[in-house]
Amino acid sequence: MQITLPYVLVSQLSDLIAMKMGLYYPQKRWGDLERAIAAAAPELDMPDTETAARYLLSTSLTRRQIDILACRLTVGETYFFREQKCLDVLEQGILPELIRKCKENNRQLRIWSAGCCTGEEPYSIAILLDRLFKKHEEEWNATILATDINPVFLDRAAEGLYREWAFRATPGWIKERYFKRKKNGLFEIGPHIRKRVTFSNLNLAEDVYASQANGTRAVDVIFCRNVLMYFSSQAVKRIGQGFHRSLVDHGWLIVSPVEMSSESFPQFRLHTVSGTGLYQKIDSHDVHGNGNYFSFGPSSDALYKAASAPPSSLQGWETPLSLESMEPQILPVASSPFTQLTSAQDVANQSANQERSNTLYHEARRYADRGDLTKAVKQCKEAIAANKLNPAAYYLLATIHQELGQAKEAMRCLMNTLYLDPGLVLAHFALGSLCLTQGKSQEAERHFDNALSLLNGYSSNDILPDSGGLTAGNLTHFITSIRICDSLNHQEIKSRASHDN
């Protein structure tokens, strides 16, 4: 397509898209870029393509504008069990070992499908994982996070409806076992698989990971296949650094063969197994690459397999939790922690305890970021023992309990956090999320309202405390997305109940 916009304008627009969304449009693809802007102009309330282009260049892009552009600029071509050879390698070796290690450490396996498009990849992972858990007679103890920048793709993924073309590389028995044939040639993913995947909007070009708030911290395996080929080389390097932060030590990054590059992923070690390449994170304590890596012996010509499932399950509770019935487990204190100190020595001791508590807290964070949650819990508890008035230690302990699927303990720690620091936005958000998982929508709404009220005091680009780089604007968008999904789920339940009756 021949471009009609001024050369300089399209060049600047290409730079803007690369900076804000990571998507790379070299000169030979400027025609595609212009066509996308032309299609987006009406949704941007612009009368024509050039006006839309100049407007985008003159203002900071809002979340709505990025969503509109993402719908026009991103590619939605994928299918179930794509690159089967890679999945086979993962299923035969990597995943069983990961499941074993997670079980030993009493924690969930965490998988992230980054750039999940319309859901075929994360659902494929969930199917593989479902088969493995059943094969080894293990209870499901994993999470699958699936993210994309395109809201239309995410809506389609959450809907779980696919046409025959999506199964062009899929064994027939999988379609028969895991999908229900619908009208108009559609196939619906089984509800037991759909509930294993959590979909969320995330822009890989933004520095919003690793973060507990959006589920991208302490991940065991990241899938990002056939996504990075559309990004600029600078963006790929930044994303690789973000993935490195998100992964636990020795965690795995799975990209497509055409996306492999030593320049893009220098922090990772490349393993080639049966012709399939996979990246492994170098131990944070072994930057020279002498750590204890997963070994591929003669009898294990395969790696771990990656897959995962839904957010923390609360199935083990005997009775539903009510926050009103849960009291903070710390003692009330005066307005100042030094009010009741009676001597200079008391003040010195209190100061020393606070310093020790902060040191232990930072050690706990380092363990948590590496995925060593057992040691992280121990350090958190020691930090709290040293200073019961340390809200950061309570909040970190809450996030670890949440990752371990221990929702009751997480809620208690979050309440202690807010008792000490009522202004910690992420604690309100986490309580809302936990309430939502146990079906307490009204309580969840109250906590989300508290979070949004506090977020009004921040500018959109402000980094939130204890967030790992998450901005106020990002969290606001997450809360809005969660509410929309929850509303849609309620509508679907009512619709099905009505249909059944």
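Bear in mind that the values here come from a model prediction, so they are computed numbers and not experimental data.
Counting only residues at least two apart or in different chains, side chain to side chain donor-acceptor pair (under 3.5 Å) contacts with residues 228-242 are absent.
For the pair Tyr178/His192, a side-chain contact is recorded, criterion being any heavy-atom separation below 4.5 Å from C-beta on. A heavy-atom distance below 4.5 Å is not found between the side chains of Leu373 and Asn105. Glu206 places a side-chain heavy atom less than 4.5 Å from the side chain of Ile66. Side-chain contact between Asp220 and Cys102 is present, with heavy atoms from C-beta onward closer than 4.5 Å.
For the residue pair Tyr395 and Asp421, no side-chain donor N or O sits within less than 3.5 Å of a side-chain acceptor on the partner.
Here the side chain of Arg196 pairs no donor or acceptor atom with the backbone of Ile125 at under 3.5 angstrom. Without hydrogens or angle criteria, Asn150 side chain to Ala70 main chain gives a donor-acceptor distance under 3.5 Å. Judged purely by atom type and a 3.5 angstrom limit, Glu259 has no side-chain atom pairing as donor or acceptor with the backbone of Arg225.
Between Phe265 and Tyr279, the ring-plane angle classifies as tilted under the 30° and 60° cut-offs. Relative ring orientation between Tyr123 and Phe199 is described as perpendicular, the plane-to-plane angle rising above 60° on a 0-90° scale split at 30° and 60°.
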Pair Glu121, Asn226 - check side-chain hydrogen bond (donor to acceptor under 3.5 Å, both in side chains), show working. CA-CA 11 Å; Glu121 178 177 84; Asn226 304 291; over 6 Å; no
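Annotation: the span from Ser113 atom OG to Asp148 atom CG amounts to 8.5 Å, rounded to 0.5 Å.
Considering Tyr209, Phe223, Trp252 as possible partners of Trp112, the one that fulfils the ring pair (Phe, Tyr, Trp, His ring centres under 6.0 Å) test is Tyr209.
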